[in-house]
Amino acid sequence: MKAARFDYIRPRTVQEVLDHLAEHGDEAKVIAGGQSLVPTMNVRLAAPAVLIDINHVEELSGIEADKGTLRIGALTRHAEIAASETVAAHAPLLSMAAPWIAHEAIRNRGTFGGSLATADPASEWPACATVLDATIHLVSARGTRQVAAGDFFQGVYETAIEPDELLTHVEIPAIGEGYRAGFSEFARRKGDYASVGVAVQGRVGASGAIGRLLKRGEGRLHDLRIAFFGVAARPMLATAAAAALEEQPLDESTLKAAQEALPTDFTPMEDLYMSSAAKAHLARVLLGRVMTTLYHGEGR
Amino acid sequence: MSEKPPLSVLDRPNSYIGRSVPRPNARRLLAGRGQYPTDMVLPRMVHVAFARSPFAHARIRSIDTEAARAAPGVVAVATGADIARLCKPWVGTLDHFAGMKSPPQYPLAMEKATWQGEPVVAVVAESRAEAEDALELLDIDYEELTPVTDPETALDPATPVIHEDLGDNLCFSSRVDAGDVDAAFADADLVVEEEFHFPRHTGVTLEPRVITADYDPSEERLTAYHGSQTPYQMQDVYARHLGLAEENVRVLCKDLGGAFGIKLHVHGEEMTTCALSMMLGRPVKWVADRLESFVSDIHARDHRVRARMAVTAEGRIVGFDVDDLTGVGPYSVFPRTSAVEGNQVIKLVGAPYAIEHYRAALKVVLQNKNVMSQYRAVGHPIAFAVTESLVDKAAAELDMDPVAIRRANYVPDDAYPYKTASGMAYEQLSLQQSLDRLVEFIDYEGLRREQAQLREKGVYRGIGLGTFVEITAPGAAFYGVGGARISAQDGCSMKLEPSGRVQLAISINELGQGTETIVAQVAATELGVSMEDIRVTTGDTGSTPYGGAAWASRAAAIGSEATVRAARALRENILEVAGAVLQEAPADLDIRDGQIVGRESGEERLSVAEVGRVGYFRPDTLPPDFHPQLSVVRHYAPQGLPFAFTNGIHASYVEVDVETGGVTLLKHWVVEDCGRVLNPKLVEEQARGGVAQGIGMALFEECLYSEEGQLTNASLADYLVPLSSELPDIHVTHVETPTQYSEIGAKGAGEAGTAASPGAIMNAVNDALRPLGARVSAMPMTPERILTALGRI
């Protein structure tokens, strides 16, 4: 279990990274936390000729909030996100999901951008990014571009990143007034990739500005975005389930309708330990649980 | 006149026996100064890596090694035929298993590869990475053959025969038949039955299998730094199969990162590594990486058991009828075979219960999957999951409490000696006492109340019991009588240093279970010195007495007896010298706290160090012809019955999420009776570690093979072992029923944790599911299986 030979480059600036990427193209691989890449190389499923280590590119790290937008640098570690008050205030969904990511040692090393770029279909960040409608910023020697999370994840370990591109940071619209987040996951062991997981954000309250001012008790659900992971090749937005809940209070019948809409949204793919039917069942159960917590305000 | 000297080590003053003294080697290990075989580095050492068969069953048409030989750093490339010229094949059968068949097995595959992962070609290079690079340049032409991967059809005429010379795929079959089973079942008021499935799993030692073989052609000596539980057995195997003189083979293993029965079998990689060292005249090292471990370390379990139990209306268990089918690898593993687990299953079902009618049939069939053999608690977890599950099922049908049905049916504590229907002889067990202790230990009534209250709130909790009887500390009946050259006895040598301290060397070795602690406790107690004065050496066939080492829960039971005898002999010899110095009768003297004292007065007369000084440097001051004997060696072979049976009972408390099928372990308890407890903390650690492995079996671990014979979860990302977050608090308490056949009375404790925990957890899960009419009888009890049982998917 030894990696094949490779050259190792440790640039200090984004510009240097881009120069190397331009030179080596798909012969090169960017390494950040290395939590997925290194094992893959050690079992020789990946054998890049060149490793470009971005751990010393300081401009890629950090969390900032400005004018309603949360900006998370690609090199930001999972543990930093888990501990960040800025993240908790602007994107509480990320704070809720962070403890579910693997184990402490991995969270200390693994990065936000690395997880998105790896695009494991059972990992947490891609689903969260999808729910939050995050914008993923890519840069190459050719220029910069922005890709919506919904378009970014394309398949199992497949994203919109071109071989010469670097994921620099992600922008997330800050959570609005009256919105709540919810997160739930089922895994065989704590810290494992999810068998099935779900991330949700939406507003609970009466509709319209007046309703919001009155803060009526009989809250209704609005602008719900629900994404499941571990069920398909990429995070799946459950639009039919969300539609079944839109403008509705959460009660037994609306929840049931949403659960029954799930097969319209996706048919889960099986994995080593779980059949499609079991995953479909778990998706229904998790939807019920996450919506119940979110609706009753325990989710924020 | 003085009194007679104390008869037993148990009567010694300042005894360490029964005390939870810390491990003397803990500081060394925590300081990173452990000497694990993986750490071994020798001058001129090269590394071997193996090309493995990608197919479960394939003919090897040709092997082109040219490009690999020319690769950077490569020192040698060897095929099966090359290694076969240096190493004789082995046959994994035992004479007392009548009719057992297995073909000769070579270190590397010869004409055919018979499992995915079987080593085929060895590449030796200056570094492991270079060896792995060169593996990619090998061109091996395989012709795929139909693999045999379903035990149920292994004997069908339509199924290919893996080894044509054997005639069929049957490795071994056996039957036990006692009493009149047919009549007992015909007359029974209730018959409960079930088909159980226990899949394959594997040991997952933290330190993988490893060897550094160093052959010195000038003396024809092989030194093997081998991660082995059984250095003496391997000394014998290397000598015989590599054509070396036994005394020229030395096997060393100081520290070992976990063994669990994985590291006492003969695997092709270690044999090949030794042969390569002989071929090259330089040290060759092999360390299994985790991917190799999954496809080459022995697997265990894989039993399909159909069992039924006959019961009277009053809840009296009358008989068992058991059918066990187990699929092993393409070869029975040498030298302990792949039949012992099944053989123990068909002896141990029903073992705690007083029954007359017992029938059990075993079939062991060959498969094109990784080889199978003994792993911690061999057969026990299967036998007791089957037994205890049927007992709970009967209790539920009769509306009896699980505690009550057990109390009514156990072999009573006053019924010993006792012989079971399957032929096992118990000296003395404490089944009833252990059950009573458990009921109190877990507050059984309180738990039942809590369970009932929570059930009203829709919370499904279950309580499961799992009784075990365990085979420990075997004598020669296990292997020796079958022709295997595996020692049933062990030896301990002791040397007084001039300083007054003691060097102790023993054939029982340290696997992390605390051997070095226990022998130091026993030696210090019997000698009358401090534990700090005892320096223990283990794991070196060149400097310790010959013995069986550590397997089948024998280290404490047998090692402590060898130790106490050596210590007594050394004490007597020290007192001889002291008596000569003091001109007193040695019988009037004793050693306490490192001082020679008057036996009756307790008055300090002389230090042990002074005896050392005089004995070694001033023997001229001693009487003529007095030769101080300050080194001794004593051996001990287990006495009395073939095995020292132990017993105990587990309880598991679980919560099942009936929506997700997830199981949360809330608590686990163990009441164990391993005879005399030498060190309660070490016994408890053994129980806890064993329970963790039992939890793995019950809920997580499973080697998943495809129909094509591909192991599809061969990494730690996909093969699930329980992690600390999955483990509940595990509480352990002791009942002590010492064996009368030895002086100290210790029996084995290494496997009790694994023996009954899977069954207890299975009973707890089924107890939780019972109100919903669901039942699980296949392990691991995955969410998928539980949801299916609940009819939710």
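Quick note on labels: first sequence line is chain A, next is B, and so on, each numbered from 1.
For chain A, the nearby part of B/L787 is the side chain; its heavy atoms alone come within less than 4.5 Å. Contacts between B/L704 and chain A at a heavy-atom distance below 4.5 Å involve the side chain alone, from C-beta outward. For B/T712, the parts sitting under 4.5 Å from any heavy atom of chain A are the backbone and the side chain alike. Heavy atoms of B/E726 lying under 4.5 Å from chain A belong exclusively to its side chain. Contacts between B/E136 and chain A at a heavy-atom distance below 4.5 Å involve the side chain alone, from C-beta outward. If you measure heavy-atom distances from B/I786 to chain A, you find no contacts under 4.5 Å at all.
A cation-pi arrangement is present between B/K369 and B/Y705 under the rule of less than 6.0 angstrom and at most 45 degrees off the ring axis.
Against chain B, the residues from residues 260-281 of chain A that qualify, each with a non-hydrogen atom under 4.5 angstrom away, are A/L272, A/Y273, A/M274, A/S275, A/A277, A/A278, A/H281 in number order.
Among all heavy-atom pairs drawn from B/L276 and B/A122, the shortest one is CD1-CB, 4.0 Å. Counting all heavy atoms, side chain and backbone alike, B/I695 lies closest to B/P722 at CG2-CB, 4.2 Å. Taking each heavy atom of B/G694 and B/T754 in turn, the nearest pair found is N-CG2, 4.2 Å.
A salt bridge links B/E702 with B/R785: the closest approach of a Lys/Arg side-chain nitrogen to an acidic carboxylate oxygen falls below 4.0 angstrom.
A/S253 and A/D251 share a side-chain donor-acceptor pair at under 3.5 Å.
The choice from A/K2, A/K190, A/R189 that makes the most heavy-atom pairs within less than 4.5 Å of chain B is A/R189.
Rounding to the nearest 0.5 Å gives a distance of 9.5 Å between OG of B/S293 and CD1 of B/I262.
The number of heavy-atom neighbours closer than 6.0 Å to OH of A/Y157, taken from other residues, nucleotides and ligands shown, is 12 or below.
Classification of the A/W125-A/H78 ring pair by plane angle, with boundaries at 30° and 60°, yields tilted.
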